[in-house]
**Q** 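Mind looking over this structure? Questions follow.
Treat the numbers as computed from the prediction; the structure is a model and nothing was measured. Numbers restart at 1 for each chain; the letters A, B, ... are given by sequence-line order, proteins then strands.
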Amino acid sequence: MLVKTVLKSFHRYLLWLLISVFLWSWTFMLISDAPREKKVSVYYLAPDANDTEMAIELEKRIPEGIEIIDVYPFSHAAFTSGAPEQADIYIVSESDLDSVLYQLQPIPARGGDDYVKDGLVYGWRIYSIDTGEGRAKSFIRYSGEKGVPEGAKPDPEAPGSILYREDENYYLCFNKDSLHTGDWNGSKDSAALSVAENIFLLP
Amino acid sequence: MENCVRELYDEGELSRLKTKLVIQCAAAVLIGLAVIGLCVWSLLETDRHYPAPGLIRTIVISTLGGWLIITLRLLVIKRTGYAYAHVKAILEGRREAVEGAFTLTGHRLLLEKGVNMRTVTVTGAERTDTLRLWDSKAKLFDDKNAVKVYAVYGFIAAYEIGE
């Protein structure tokens with residue numbers, strides 16, 4: 001009799017399960033995020049990266065006034081409309097730089113390895129094709145195909161994929177609309193610069 | 001020689017049921033608050049970089065807590081609520097006297113809201129009728145010696161025994 005009563009109300013149990021899943025997932029998203037003013041976002045356009053570990057590593061030296069550092073692949077933009085435009089730092093391959101140039105902040109030269117276009121510096125080289133040396137290499141894989149170990153023969157279909165990259169130079173750039181690039185665009189703080197320096201310190 | 005009327009319901013019973021209902025509702029609310037508290041704690045303990053284990057833990061706590069409250073409501077609170085409403089309706093309703101010979105049958109009838117009723121057949125001079133008696137009152141009803149019953153909405157509220 002009791003089982004029958006419970007089974008008769010099965011839809012209530014199912015409904016509560018669904019409410020639980022959506023309610024807590026949404027609540028978690030709310031409390032685990034921070035407004036742009038208190039967050040530095042790094043977007044990378046590379047075959048693969050250990051973005052979570054990289055974010056944790058960068059948060060060990062989090063700039064003052066910043067609560068969260070996020071590291072996302074560009075494909076994440078498919079789920080969060082407008083997110084790349086609100087990012088602070090981009091890590092982009094040389095061949096992709098032209099397509100995002102409109103979003104980049106002209107920056108001071110760092111050395112002879114900068115990306116220069118029309119006399120303006122837009123990116124600092126973070127990975128060099130000539131030497132194979134790069135920063136944050138233990139977190140970001142700069143060549144090959146997603147899911148295929150570096151150096152392994154890529155899938156012949158892969159070169160057409162957005163996740164496939166020939167070996168090429170990579171640059172670290174800044175969003176011209178970033179809220180954390182200090183005097184460059186009149187932002188209140190320069191937290192993105194600190195985070196960028198920390199990325200250059202990563203092995 | 002006067003007949004003796006035996007009441008099956010009284011105000012004390014209504015008061016006890018009300019207290020029981022309040023306690024059960026309060027228990028459900030307390031369980032709900034405890035579940036919400038546990039969920040908030042679990043959520044705050046969740047590592048935002050690796051949210052899956054913490055989120056699953058929170059969802060499991062919330063789901064099981066919610067199911068417990070739903071079950072409590074279905075199997076306990078709803079029945080007490082119906083019993084309270086039933087007793088109140090009997091005490092406040094208009095009584096109708098029915099005379100005849102009464103037989104308490106073994107047939108049990110589960111009302112929609114989950115309260116068991118027994119059926120009592122009334123064999124009178126003109127026709128046979130059926131009344132309902134709350135299962136918990138069956139032991140108090142002396143059908144062999146009853147000569148008249150007082151029913152409210154077809155439910156037996158009191159009966160008379162011939163002296």
**Q** Give the interface residues of residues 54-68 of chain A toward chain B, defined by a heavy-atom separation under 4.5 Å.
**A** A:Ala55, A:Ile56, A:Glu59, A:Ile68
**Q** Could you please spell out the steps behind the side-chain hydrogen bond (donor to acceptor under 3.5 Å, both in side chains) verdict for A:Ser93 and A:Tyr127?
**A** CA-CA 9 Å; A:Ser93 67; A:Tyr127 175 75; over 6 Å; no
**Q** Counting only heavy atoms closer than 4.5 Å, note whether A:Ile69 contacts chain B via side chain, backbone, both or neither.
**A** backbone
**Q** For B:Glu7 and B:Arg95, run salt bridge (charged side-chain N to carboxylate O under 4.0 Å, His left out): C-alpha distance rounded to whole Å, both residues' side-chain angles, the deciding distance at 0.1 Å, then the answer.
**A** CA-CA 12 Å; B:Glu7 294 291 340; B:Arg95 290 184 170 194; 2.6 Å; yes
**Q** Does the separation of the ring centres of A:Tyr72 and A:Tyr43 fall below 6.0 angstrom?
**A** yes
**Q** How are the rings of B:Trp134 and B:His86 set to each other: parallel, tilted or perpendicular (split at 30° and 60°)?
**A** perpendicular
**Q** Could you tell me which of A:Asp70, A:Leu23, A:Asp33 has the largest number of non-hydrogen atom pairs under 4.5 Å with chain B?
**A** A:Asp70
**Q** Is chain A contacted by the side chain of B:Ile70, its backbone, both, or neither, given a heavy-atom distance below 4.5 Å?
**A** both
**Q** Does A:Glu197 come within less than 4.0 Å of A:Arg110, counting only side-chain N to carboxylate O?
**A** yes
**Q** Between B:Ile59, B:Leu44, B:Ile61, which has the largest tally of heavy atom pairs under 4.5 Å with chain A?
**A** B:Ile59
**Q** Using only atom types and a distance under 3.5 Å, with no angle test, would you say the side chain of B:Ser62 pairs donor to acceptor with the backbone of B:Thr58?
**A** no
**Q** Checking side-chain polar atoms at under 3.5 Å, does B:Thr130 have a donor or acceptor matched by the opposite partner on B:Thr119?
**A** no
**Q** What part of A:Ile31 lies closer than 4.5 angstrom to a heavy atom of chain B: side chain, backbone, both or neither?
**A** side chain
**Q** Are the ring centres of B:Phe141 and B:Tyr159 closer than 6.0 Å?
**A** yes
